[in-house]
Amino acid sequence: MEEEDEEVRALLGDRPEGDSAVRGAPRALPALCDPSHLAHRLVVLLLMCLLGFAIFAMTVPLPSRLRLNGWGTVIFSCFVCIGQVIFALGGIVNAFWLMEFGRFVFGIGGESLAVAQNTYAVSWFKGKELNLVFGLQLSMARIGSTVNMNLMGWLYTKIETALGSSGHTTLGVTLMIGGVTCILSLICALVLAYLDRRAEKILHKEQGKTGEVIKLTDIKDFSLPLWLIFLICICYYAAVFPFIGLGKVFFIEKFRFSSQSASAINSIVYVISAPMSPVFGLLVDKTGKNVIWVLCAVATTLVSHMMLAFTFWNPWIAMSLLGFSYSLLACALWPMVAFVVPEHLLGTAYGFMQSIQNLGLAVISILAGMILDTGGYLLLEVFFIACVSLALFAVVCLYLVNRARGGNLNYSAKQREELKLSHTE
């Protein structure tokens with residue numbers, strides 16, 4: 001215990017008794033090295049955003065006591081890197097089964113890394129900055145997706161020219177070079193693990209060490225508001241990602257757009273979300289009222305899908321609305337988990353949320369394809385409208401349940417600040 005205290009004093013820069021300076025007064029750490037200072041936390045935020053720059057594939061729940069804010073994150077990043085290498089090697093040797101195995105390994109780490117990223121966000125920024133942080137993370141993820149979509153094709157062409165041929169070898173080499181972003185994530189994970197451990201020593205924080213073992217059976221302790229958040233997540237994203245996946249052909253067939261124009265309008269959701277997510281995150285931080293903002297986002301998305309389904313108005317209007325509402329929802333919805341879940345269950349809650357979101361997307365994508373094949377795009381849009389309507393109903397239920405229980409999900413920023421101060425006294 002004394003050795004740990006000495007180490008902490010050394011980190012804080014305490015001077016020895018015989019120092020000529022003021023005795024007993026610790027030397028202040030530079031802002032970038034002080035875990036309690038905003039500048040240091042901004043460095044952590046940058047690393048958190050870069051951590052999620054690699055593309056995520058699928059998810060696994062985290063039922064064990066594996067430390068999320070430390071070596072667990074490094075392990076997940078290693079899975080991502082190894083999976084990408086296997087995936088690329090499968091392309092080089094023309095073995096599709098090896099590529100599938102690579103994506104499986106990649107997926108073991110990918111969505112788990114997203115869970116760790118969310119847990120880092122709550123650990124370092126729980127309070128008035130949390131919504132902004134989630135917005136910045138989403139923004140970086142969308143930038144990563146945009147870079148991938150625009151850069152990989154160009155890189156493939158360059159490698160094809162250099163090798164003098166196309167095919168599986170060119171594809172494999174392209175994927176191997178693209179895996180550099182996975183190495184970036186691994187480096188960020190290593191640095192974050194060090195900074196997180198260092199902050200615990202300096203600030204005497206026990207992040208992730210609650211003394212309770214996290215088990216899958218903890219799900220039974222999830223509250224009704226948390227289950228409603230899960231339902232909103234599934235139903236809302238079911239009407240966004242599958243639609244974007246099928247959207248290009250929809251705009252070509254219904255609105256007679258060219259292939260290039262259809263691609264442009266289909267990507268506007270991500271283009272808008274990149275700059276607007278931090279803006280909406282800051283807005284929610286300043287105002288609070290997360291449930292109201294989620295309600296606005298879901299209602300706007302419903303209007304957007306109804307415009308696409310039942311009118312021939314310029315679809316740029318509807319897709320722009322969808323981009324704004326998608327950005328707003330992510331900033332307001334995901335941080336709410338931290339308001340209704342004890343800290344020792346955060347990893348399990350976020351892991352379960354990621355899991356059911358991906359399971360829902362998988363099932364909905366299959367259903368969307370079947371509906372499109374049998375009933376066409378109008379029936380498909382009606383299906384998406386039904387999904388968003390169910391999400392809207394769940395938001396209303398969440399508002400009523402939270403109000404009846406005196407919960408803090410819809411607190412204003414001022415009320416949350418007062419609650420935080422009362423807990424620290």
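For this chain, numbers begin at 1 and follow the sequence in order.
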ask   = Between CD1 of Ile268 and CD1 of Ile244, what distance do you get to the nearest 0.5 Å?
value =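 Here the interatomic distance stands at 11.0 Å.
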Does [X] use its side chain to pair, donor to acceptor, with the backbone of [Y] at less than 3.5 Å?
X	Y	result
Lys254	Ala309	yes
Gln357	Cys233	no
Asn358	Gln354	yes

ask   = Which pairs, with at least one residue in residues 288-302 and sequence neighbours excluded, count as a side-chain hydrogen bond (donor to acceptor under 3.5 Å, both in side chains)?
value = Asn131-Asn290, Tyr236-Thr301, Thr287-Trp293, Asn290-Arg416, Thr301-Ser325
With sequence neighbours excluded, residues passing side chain to side chain contact (heavy atoms under 4.5 Å, CB included) with [X]:
X	result
Cys81	Cys182, Leu186
Val337	Leu226, Ile229, Val341, Leu346, Ala349, Tyr350, Met353
Ile82	Ile86, Val105
Pro275	none

request  = Mind checking ring pair (Phe, Tyr, Trp, His ring centres under 6.0 Å) for Tyr326 and listing every partner two or more places apart, or none if nothing turns up?
outcome  =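 Tyr326: ring pair (Phe, Tyr, Trp, His ring centres under 6.0 Å) contacts with Phe241.
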ask   = What pairs with Phe230 under ring pair (Phe, Tyr, Trp, His ring centres under 6.0 Å), at least two apart in sequence or on another chain?
value = Phe222, Trp227, Phe352
ask   = What do you reckon, is CZ of Phe79 surrounded by more than 12 foreign heavy atoms closer than 6.0 Å?
value = no
Using the test side chain to side chain donor-acceptor pair (under 3.5 Å), find all partners of [X] that sit at least two apart in sequence or belong to another chain.
X	answer
Thr157	none
Thr374	none
Thr311	none
Gln415	Ser412

message = Under the ring pair (Phe, Tyr, Trp, His ring centres under 6.0 Å) definition, can you give me all pairs with a residue in residues 298-318, not counting sequence neighbours?
response =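 Residue pairs passing ring pair (Phe, Tyr, Trp, His ring centres under 6.0 Å), neighbours aside: Phe243-His305, His305-Phe384.
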query = Hey, are the side chains of Thr170 and Tyr156 touching, using non-hydrogen atoms and a 4.5 Å cut-off?
reply = yes
ask   = Is the Lys NZ or Arg CZ of Arg197 less than 6.0 Å from the centre of Tyr194's six-membered ring, within 45° of the axis?
value =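 No - Arg197 does not lie over the ring of Tyr194 by the 6.0 Å and 45° rule.
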